[in-house]
Number of protein chains: 2
Amino acid sequence: MLACMSTQSTGRGEPDRTLRLLWRDRLGDPVGSRGPKQRLNVDSVVDAAIELADDEGVEALSMRRIAERLGLKTMSVYTYVPGKAELIDLMVDRVAGEQALPELEGSLRERLAQIAHLAWNEYLRHPWLLSIDTSRPPLGPNVSDRWEWSLRAIDGLGLSDLDMDQVVTLITGYVSGPARAYLDAERLHRAVAETDEQWWERNAPILEEIMDSSRYPISGRVGTAAGEEYGSASDPERSFRFGLERVIDGIEVYVRERTTPSAAS
Amino acid sequence: MLACMSTQSTGRGEPDRTLRLLWRDRLGDPVGSRGPKQRLNVDSVVDAAIELADDEGVEALSMRRIAERLGLKTMSVYTYVPGKAELIDLMVDRVAGEQALPELEGSLRERLAQIAHLAWNEYLRHPWLLSIDTSRPPLGPNVSDRWEWSLRAIDGLGLSDLDMDQVVTLITGYVSGPARAYLDAERLHRAVAETDEQWWERNAPILEEIMDSSRYPISGRVGTAAGEEYGSASDPERSFRFGLERVIDGIEVYVRERTTPSAAS
DNA sequence: TACATTCTCCGTATGGTGTACGGTTAACGC
DNA sequence: GCGTTAACCGTACACCATACGGAGAATGTA
């Protein structure tokens, strides 16, 4: 039976192989040194997968293609990794460790901004992160380290444990929105050429019929502005920073409320 | 050649068939009444697909299974819809129209909360929305109506067009985070039974070795709190509301700064 | 009424996917 | 040297989206 496994729990035999793999540096591989040695190692497999996803997009990420890159045949990949879902977990944890976690210093605002910028950079480097199912992030060392580091940034402010969790989720979750926008704009820019012109030529009549400005007065106005801004190679990173300021403002308001119990709205 | 199309542009022949389909109610189908009538219609196909995704998850969503539900053979589905990517666009726009857009009234805070709650409800009803690639949302009537409605909620506040776009993106983007958390907790709850106990039994030794509280002091504390809160059937909707208040606070701060040009931090 | 046209439905086929299973062979422990 | 073990991989299976072309129904036209 070929079960349709969604993201987890492939490690049927041994107690969770995925966890063991994620923490393979800390826990040594329980390598029974009996048979022939592996030519490669888990890291090279993960690296190849990341490179492939970076180069050709997440839709090109297949076990066959990964094997190709490694000079292996498809099924050999499975001697390194239990399956594709687990491999993706490893990829996510791996890229989470690419950037060193800087010392947390400065104001709360600056520390929160550091958290956001780390995530921002990660999305720009590895756009496929936006296209994979990130429910249930893998509990690997890098993801865990970063979570701890993020929590440390807001520790000791008088927030409850649950609030702290919420705040970090909020700030990291925020980033994906503008990151998507940024990458979309970039992709658009690359794909433009004349294909774009043709697209508009074909669709202009339909769009005009549909988007009569009586139905969408504000969208029309805003869309035009956004199009000009993003289209003409402006700085979409500015948008990221804008939203970030809003989010941080909101958090600061909350922290202040908690700290100075004067006016409870 | 089987091109690997990502989400768009399948409408090769006619000027964008996807748009025509999305707006099929407004623009009448250009139905050449020559051959036999279609037994079904586009809406029933979209409905079947949504039901399937609701019932069995996004991984079960295949053209074959959809055809099955409709009493058709696989390839007949393609007479209604150009391909799977386009069908998903139609699904997204369809569920965007399920909830009537309420009158926008009350304070800015209340209006922003309305926007967020609309998205929140949608995610809870259709969890698969969190698992599909939502870069480039389809420009269908319901998505467009809702965008316009959202912009209207913050129009006339003195924000620039770009800022308005940002604010709506921010508030709707925020929701996906807690929605994911909510649905994860729910799924966990359902899958618990005794499988959970076994999972812990198997993994406890590994987890203990890894998660020694010296390395993750804060995560340990916070994780426990979150686990107790979510695990013991508390109200995760509260978390959603918490973050929402923060985001709205941040937006209010910004609006106030713009409106009363006194202290520019 | 007859014919040509057109469009639905679908059988078949192609090239992709993840991965189960079993075989071959290389490397080690005894 | 021999038995055990594990890496590598050939083959096969179930499933996927979808291109292509044929059968037959419904219509417009002659």
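Side chains included, hydrogens not; waters and symmetry mates left out as well; all remaining heavy atoms used.
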Participant: Over how many whole Å does the gap from Gln38(A) atom CD to dC9(D) atom P extend?
Facilitator: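 Gln38(A) atom CD is separated from dC9(D) atom P by 12 Å.
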Participant: For Glu59(A) and dT18(D), give me the distance from atom CD to atom P, rounded to whole Å.
Facilitator: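 About 14 Å, once rounded to whole Å.
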Participant: Taking 4.0 Å as the cut-off, does a side-chain nitrogen or oxygen of Lys84(B) come that near to OP1 or OP2 on dC16(D)?
Facilitator: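 Checking dC16(D) against Lys84(B), no side-chain N or O comes under 4.0 Å of OP1 or OP2.
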Participant: 5'-most contact on DNA chain D: Gly35(B) or Met75(B), nearest heavy atom basis?
Facilitator: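 Taking each residue's closest nucleotide, the earlier one in sequence belongs to Met75(B).
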Participant: Whole Å only: how far is the OH atom of Tyr78(B) from the P atom of dC16(D)?
Facilitator: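 So the two atoms are 11 Å apart, to the nearest Å.
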Participant: Show, in sequence, the C-alpha distance, side-chain angles and deciding distance for Trp23(A) and Thr18(A), and conclude whether the side chain to side chain contact (heavy atoms under 4.5 Å, CB included) test is met.
Facilitator: CA-CA 9 Å; Trp23(A) 293 88; Thr18(A) 306; over 6 Å; no
Participant: Is it true that Asp47(A) and Ser44(A) share a donor-acceptor pair across their side chains at a distance under 3.5 Å?
Facilitator: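 Checked: Ser44(A)/Asp47(A) side chains show no N/O donor-acceptor pair below 3.5 Å.
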Participant: Start at the 5' end of DNA chain C and walk down; is the nucleotide closest to Leu61(A) or to Pro36(A) reached first?
Facilitator: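 Closer to the 5' end of DNA chain C: Leu61(A).
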Participant: How close or far is atom P of dG21(D) from atom NZ of Lys73(B), stated in whole angstroms?
Facilitator: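 So the NZ-P distance, Lys73(B) to dG21(D), works out to 22 Å.
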Participant: Measure the distance from NZ on Lys37(B) to P on dA25(D) and round it to the nearest whole Å.
Facilitator: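 To the nearest whole Å, that distance equals 15 Å.
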Participant: Classify the ring geometry between Trp120(B) and Tyr182(B) as parallel (under 30°), tilted (30 to 60°) or perpendicular (over 60°).
Facilitator: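 Ring orientation of Trp120(B) relative to Tyr182(B): perpendicular.
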Participant: If you compare every side-chain N and O of Ser76(B) against the phosphate oxygens of dT8(C) (OP1, OP2), does one of them come in below 4.0 Å?
Facilitator: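 It does not, given that no N or O in the side chain of Ser76(B) lies less than 4.0 Å from OP1 or OP2 of dT8(C).
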Participant: Measure CG/Leu70(A) against C1'/dC9(D) and give the value in whole Å, please.
Facilitator: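 Atom CG in Leu70(A) sits about 15 Å away from atom C1' in dC9(D).
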Participant: Does Arg64(A) get its side chain close enough to the base of dG18(C), under 3.5 Å, for a donor-acceptor pair?
Facilitator: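 Between dG18(C) and Arg64(A), which were checked side chain against base, a qualifying N/O pair under 3.5 Å is present.
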Participant: Can you tell which of dC7(C), dC9(C), dC28(C) lies closest to the side chain of Arg34(B)?
Facilitator: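 So the side chain of Arg34(B) is nearest to dC7(C).
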Participant: Hey, what's the ring geometry for Phe240(B) with His117(B), parallel, tilted or perpendicular (30° and 60° as the breaks)?
Facilitator: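 Ring orientation, 0 to 90° scale: perpendicular.
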Participant: Phosphate oxygens OP1/OP2 of dC16(D): is one of them under 4.0 Å from a side-chain N or O of Ser62(B)?
Facilitator: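 Yes, within the criterion.
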Participant: Looking at Glu56(B) and Arg69(B), is there a salt bridge between them, counting it only when a charged N and a carboxylate O are closer than 4.0 Å?
Facilitator: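 Yes, Arg69(B) and Glu56(B) are salt-bridged.
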Participant: Going by modelled atom types, is there a donor-acceptor pair between the base of dA7(D) and the side chain of Arg39(A) at under 3.5 Å?
Facilitator: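 Not at all, since no donor on one side and acceptor on the other fall under 3.5 Å apart.
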Participant: Please pick, from dA17(D), dC8(D), dG11(C), the nucleotide with the shortest atom-to-atom distance to any side-chain atom of Met63(B).
Facilitator: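 Of all the options, the side chain of Met63(B) is nearest to dA17(D).
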Participant: Give the rounded distance in Å between these two atoms: CG of Asn41(A) and P of dA7(D).
Facilitator: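 Atom CG in Asn41(A) sits about 13 Å away from atom P in dA7(D).
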Participant: How many whole angstroms separate atom CD of Glu68(B) from atom P of dC10(C)?
Facilitator: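 Computing the Glu68(B):CD to dC10(C):P distance gives 13 Å.
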